[in-house]
Amino acid sequence: MSAICPHAAQRYEVLRCLLDSIAYVERRASQAWAVTLFGNRFRLNVGIVEAFTCGVVESDEPVGGRYLRSVRVLTLGKLPSEVLKASQKQSSHVDVRVISYKPISGPQHVVFLSFEQAGELGQWYERLWPAHQRYLEAALQTSTGRVRHGTIHRRSHSEGLVEYARAFCGRTNDGVAQTPSNEGDPDIVEFFEGHPIATQTTRYERSDGARRTCLAQHGYACQACGFSFGVTYGTVASHYIQVHHLNPLSAMGSAGASDPINDMVPLCANCHAVAHLRNPPYTVEDIRNFISKEHKL
């Protein structure tokens, strides 16, 4: 994420917008969206179409350099007049283009929002929200008018990125919205939380017995980096470690027997998060190589 959003304030704005879009879709169809992570960008797909993309793109008229960091917000229907007026200004950080995705019926636009200047992205996203919401609703509909229950993009979904976004923005899995305050010191951010949001999600059953068997065999040290909660924090955390499934439960298709010795390994929270930064997850050996490479620099 540092390559896409190097500054914390920009990163917060971008990820907050992403999570707002996810929360809206997830309340209607929990499995009909996916976030795909590429080298210098990530994309939210809803149903079979793109809905929100953030990344580094080459600019024809660069702002502060050859490359420009921006988000693409897909919209449906009439755009606010202030957005259209801003897009006509040569020095504006807003660009509007007409698009036409066949699964979506009606006038569509993709709005490019540069976030080189912190504080602007959230304001423009708020103005675009009604049109973006209409697009999300349309993307969730099949050609027969039914709500989609899945997306082909789930196979490349990066749950690690979503978990990182929620952790960075201080959200729960239920997508509690927060509002930064820029009054006074711009480096101080206020967070407002506690608004209840009901969602319907799919969780995969895990076996406590399989976890115990895994840890009895492999111990409580991270298999990737060697970190031990017990050694670092003492007896209070001596029996804490996360267990990682080498073959994700979501990929099994249906309930089945698991091999806790060969299919499960203990990982610390950091290494576990890194493993899920892509789908399929990085292997334990991959993570060890990442660590080894960084230590050699």
Side-chain angles (χ1 to χ4, degrees), residues 3-7 9-25 28 32-141 151 153 165 177 179-180 182:
I4 302 174
C5 306
H7 303 296
Q10 295 174 342
R11 193 177 308 177
Y12 174 83
E13 279 195 298
V14 168
L15 295 179
R16 189 192 68 166
C17 294
L18 170 69
L19 292 176
D20 282 348
S21 297
I22 290 175
Y24 183 85
V25 173
R28 286 149 179 78
W33 63 274
V35 176
T36 305
L37 177 63
F38 304 95
N40 60 354
R41 61 191 172 96
F42 61 81
R43 182 180 67 213
L44 168 65
N45 294 290
V46 177
I48 59 176
V49 295
E50 170 195 8
F52 180 99
T53 298
C54 173
V56 183
V57 297
E58 192 165 2
S59 174
D60 296 331
E61 298 179 3
V63 180
R66 180 183 176 188
Y67 296 96
L68 184 66
R69 293 177 173 85
S70 68
V71 300
R72 291 163 48 101
V73 182
L74 284 294
T75 66
L76 177 64
K78 186 177 180 180
L79 290 174
S81 59
E82 58 266 37
V83 173
L84 295 174
K85 290 179 181 178
S87 68
Q88 295 171 1
K89 297 179 181 179
Q90 193 169 16
S91 59
S92 174
H93 291 272
V94 180
D95 185 22
V96 177
R97 301 178 188 177
V98 176
I99 59 169
S100 180
Y101 280 126
K102 290 184 178 180
I104 307 295
S105 177
Q108 307 162 45
H109 297 89
V110 56
V111 182
F112 292 83
L113 302 174
S114 167
F115 55 90
E116 296 297 324
Q117 297 181 6
E120 291 189 355
L121 176 61
Q123 297 174 15
W124 287 115
Y125 181 83
E126 292 285 341
R127 296 185 181 103
L128 288 170
W129 177 248
H132 183 51
Q133 178 180 319
R134 289 193 294 269
Y135 182 90
L136 296 176
E137 286 283 0
L140 285 172
Q141 302 294 318
T151 171
H153 298 286
T179 305
N182 292 322

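Position 1 is the first residue of the sequence, and the numbers go up from there.
- Atoms SG and CD, from Cys54 and Gln10 in turn, are 9.5 Å apart once rounded to the nearest 0.5 Å.
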Subject >> Stepwise side chain to side chain contact (heavy atoms under 4.5 Å, CB included) check, Val46 with Thr151 >> reply: CA-CA 7 Å; Val46 177; Thr151 171; over 6 Å; no

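- Between the OG atom of Ser105 and the CG atom of Leu76 there is a distance of 8.0 Å, given to the nearest 0.5 Å.
- In summary, the aromatic rings of Trp124 and Phe112 are positioned with their centroids too far apart to meet the 6.0 Å limit.
- The salt bridge (Lys or Arg N to Asp or Glu O under 4.0 Å) analysis of residues 34-47, with sequence neighbours excluded, yields no pairs.
- Within the 4.5 Å cutoff, no side-chain heavy atoms of Asp95 are placed close to those of Val111.
- At least one side-chain heavy atom of Leu18 sits less than 4.5 Å from a side-chain heavy atom of Phe52.
- Residues His132 and Ser21 have side chains that bring a donor and an acceptor to within less than 3.5 angstrom of each other.
- Within the 4.5 Å cutoff, the side chain of Ile99 has heavy atoms near those of the Leu74 side chain.
- Residues Ala34 and His153 approach most closely at CB-O, 3.5 Å, considering heavy atoms.
- Interatomic distance, SG of Cys17 versus CD1 of Ile22, reported as 11.5 Å (0.5 Å rounding).
- Side-chain contact between Tyr135 and Tyr101 is present, with heavy atoms from C-beta onward closer than 4.5 Å.
- The main-chain N or O of Val94 is never found under 3.5 Å from a side-chain atom of Ser87 such that the two would form a donor-acceptor pair.
- Sorted by first and then second residue, the salt bridge (Lys or Arg N to Asp or Glu O under 4.0 Å) pairs involving residues 72-86 (not counting sequence neighbours) are Glu50-Arg72, Glu82-Arg127.
- Under the 3.5 Å distance criterion, with hydrogens and angles disregarded, a donor-acceptor pair is assigned to the side chains of Glu137 and Tyr24.
- Looking at Val73 and Val110, their side chains never come closer than 4.5 Å, going by heavy atoms from C-beta outward.
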**OP:** Begin with the C-alpha distance, continue with both residues' side-chain angles, and end with the deciding distance and a verdict on side chain to side chain contact (heavy atoms under 4.5 Å, CB included) for Val71 and Thr53.
**Re:** CA-CA 5 Å; Val71 300; Thr53 298; over 6 Å; no

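- For the atom pair Leu121 CG and Arg16 CZ, the distance stands at 8.0 Å (nearest 0.5 Å).
- Looking at Leu136 and Trp129, their side chains come closer than 4.5 Å, going by heavy atoms from C-beta outward.
- The structure places CD1 of Ile104 at 12.5 Å from CZ of Arg134, a figure rounded to the nearest 0.5 Å.
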